[in-house]
Amino acid sequence: MTTEVLKAKTGRYLRGESVPAETRQIQTWLSCIIDNKEVLPQKEKEKIENEIVAEIQAYIEYTQIDPKPRYWWQKITAFF
Amino acid sequence: MMSRNFTPEQDLINKLPFGDSTALEELSRRYGYSLYSYCLAKLNSHEDAKRIVRNIFISLWENRDRLPVDFSLSVHLYTEVRKAVVQCINSKLKTSVNIPAIEKQIIPGFSIGALQQARLPVNTQKSLYPFSASKKRNYEDQWWNRFIPAISMKGLKHGLKSMLNFW
């Protein structure tokens, strides 16, 4: 497979226009998990986890400083 | 990865519409690393993997008011991460970023031989036997060990009942 073919296939898949064989190929690839991959030590895992959480926290804090306007129906939906 | 508390997942999801950021933080601690390692295995890029995981949780936070009643977090994360991986590859190919790396690392994964891996069962032997292969063989050779896992309260009850019925 070439990059051009992969580009066309993924584009069609994202638009929902791919034929069943292409869908199956991409979904099978997504389901393939390498079993013998390296296991990171606990400290490395914690470091990566903390980095991800810190980025999410930074975004949430930013939105709390500069919040998007919440419509009345959003507030009512959240209440229920 | 260890999470910080034992609050049920549904309670955390229920707290999201009220703007409880600690609930989102807890959810991201529980699932963040698994999603990250999946993205890393597929894309071979730390930056892309981190960005995808961050965006998934941020979009969850943004759409917290519109979560359906029967919302399943695991299904949501599963579908979102798969979609994001395909989107990432497609956008890289569109912008011609790291084409040699894609040719070398991602495209071989689409070959028939590589896709056959998906048909194989998941190897669960490691979790069943917490020791080496040679020790495992010895463990299986001892005949009594074959019957020990089969003994349970249900099995004992069934055995006693069948004995009583026989008598």
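Values below: all heavy atoms of this structure, side chains included; hydrogens, waters and symmetry mates excluded. Lettering follows sequence order; numbering is per chain, from 1.
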Pairwise side-chain contact, B:Ile89 with A:Trp29, heavy-atom cut-off 4.5 Å (strictly under): yes
Separation between CG of B:Asn90 and CZ of A:Arg15, rounded to the nearest 0.5 Å: 8.0 Å
Trace of the side chain to side chain contact (heavy atoms under 4.5 Å, CB included) decision for A:Tyr13 with B:Gln87: CA-CA 9 Å; A:Tyr13 179 78; B:Gln87 272 173 348; over 6 Å; no
Beyond-backbone contact of A:Thr3 with B:Glu103, side-chain heavy atoms, under 4.5 angstrom: yes
Straight-line distance of A:Tyr59 OH to B:Phe57 CZ, nearest 0.5 Å: 15.0 Å
Interchain contact, B:Val86 with chain A, by part (heavy-atom threshold 4.5 Å): both
Shared hydrophobic cluster for B:Ile107 and A:Val5 (ILVMFWY, side-chain gaps under 4.5 Å): yes
Check: A:Leu30 main-chain N/O paired with B:Tyr38 side-chain donor or acceptor under 3.5 Å: yes
Side chain to side chain, B:Tyr36 and A:Glu51, heavy atoms closer than 4.5 Å: no
Minimum heavy-atom distance between A:Val53 and B:Glu25, given as atom pair plus value: CG1-CG, 3.5 Å
B:Leu43 reachable from B:Ile99 in the ILVMFWY side-chain graph, under 4.5 Å edges: yes
Segment of B:Ala49 engaging chain A (4.5 angstrom heavy-atom cut-off): neither
Region of B:Lys92 that comes under 4.5 Å of a non-hydrogen atom in chain A: neither
Which atom of A:Leu6 lies closest to which atom of B:Ile102, heavy atoms considered: CD2-CG2, 4.3 Å
Minimum side-chain heavy-atom gap B:Leu35-A:Ile52 below 4.5 Å: no
Top of B:Arg66, B:Arg82, B:His46 for chain A proximity - count of heavy-atom pairs under 4.5 angstrom: B:Arg82
Chain B contact via A:Ile48 - which portion, at a heavy-atom distance below 4.5 Å: side chain
CZ/B:Phe71: more than 12 non-hydrogen atoms of other groups inside 6.0 Å: yes
A:Leu14 portion near chain B, given a 4.5 angstrom heavy-atom threshold: side chain
Heavy-atom side-chain proximity of B:Phe110 to A:Gln25 below 4.5 angstrom: yes
Gap between atom CZ of B:Arg29 and atom CD of A:Glu46 - 0.5 Å precision: 9.0 Å
A:Glu4 versus chain B, the contacting section by heavy-atom distance below 4.5 Å: neither
Separation of B:Ile112 CD1 from A:Thr28 OG1 (nearest 0.5 Å): 11.5 Å
Under 4.5 Å from a heavy atom of chain A, the part of B:Ile106 involved: both
Side chain proximity check, B:Ile58 to A:Glu55, heavy atoms < 4.5 angstrom: no
Approximate separation, where rounding is to 0.5 Å, of A:Lys45 NZ and B:Ser37 OG: 8.0 Å
More than 12 heavy atoms of other groups within 6.0 Å of B:Leu164 CG: yes
Separation between OG of B:Ser21 and CD1 of A:Ile60, rounded to the nearest 0.5 Å: 5.5 Å
Expected output: side-chain B:Lys42 to main-chain A:Cys32 donor-acceptor under 3.5 Å: yes
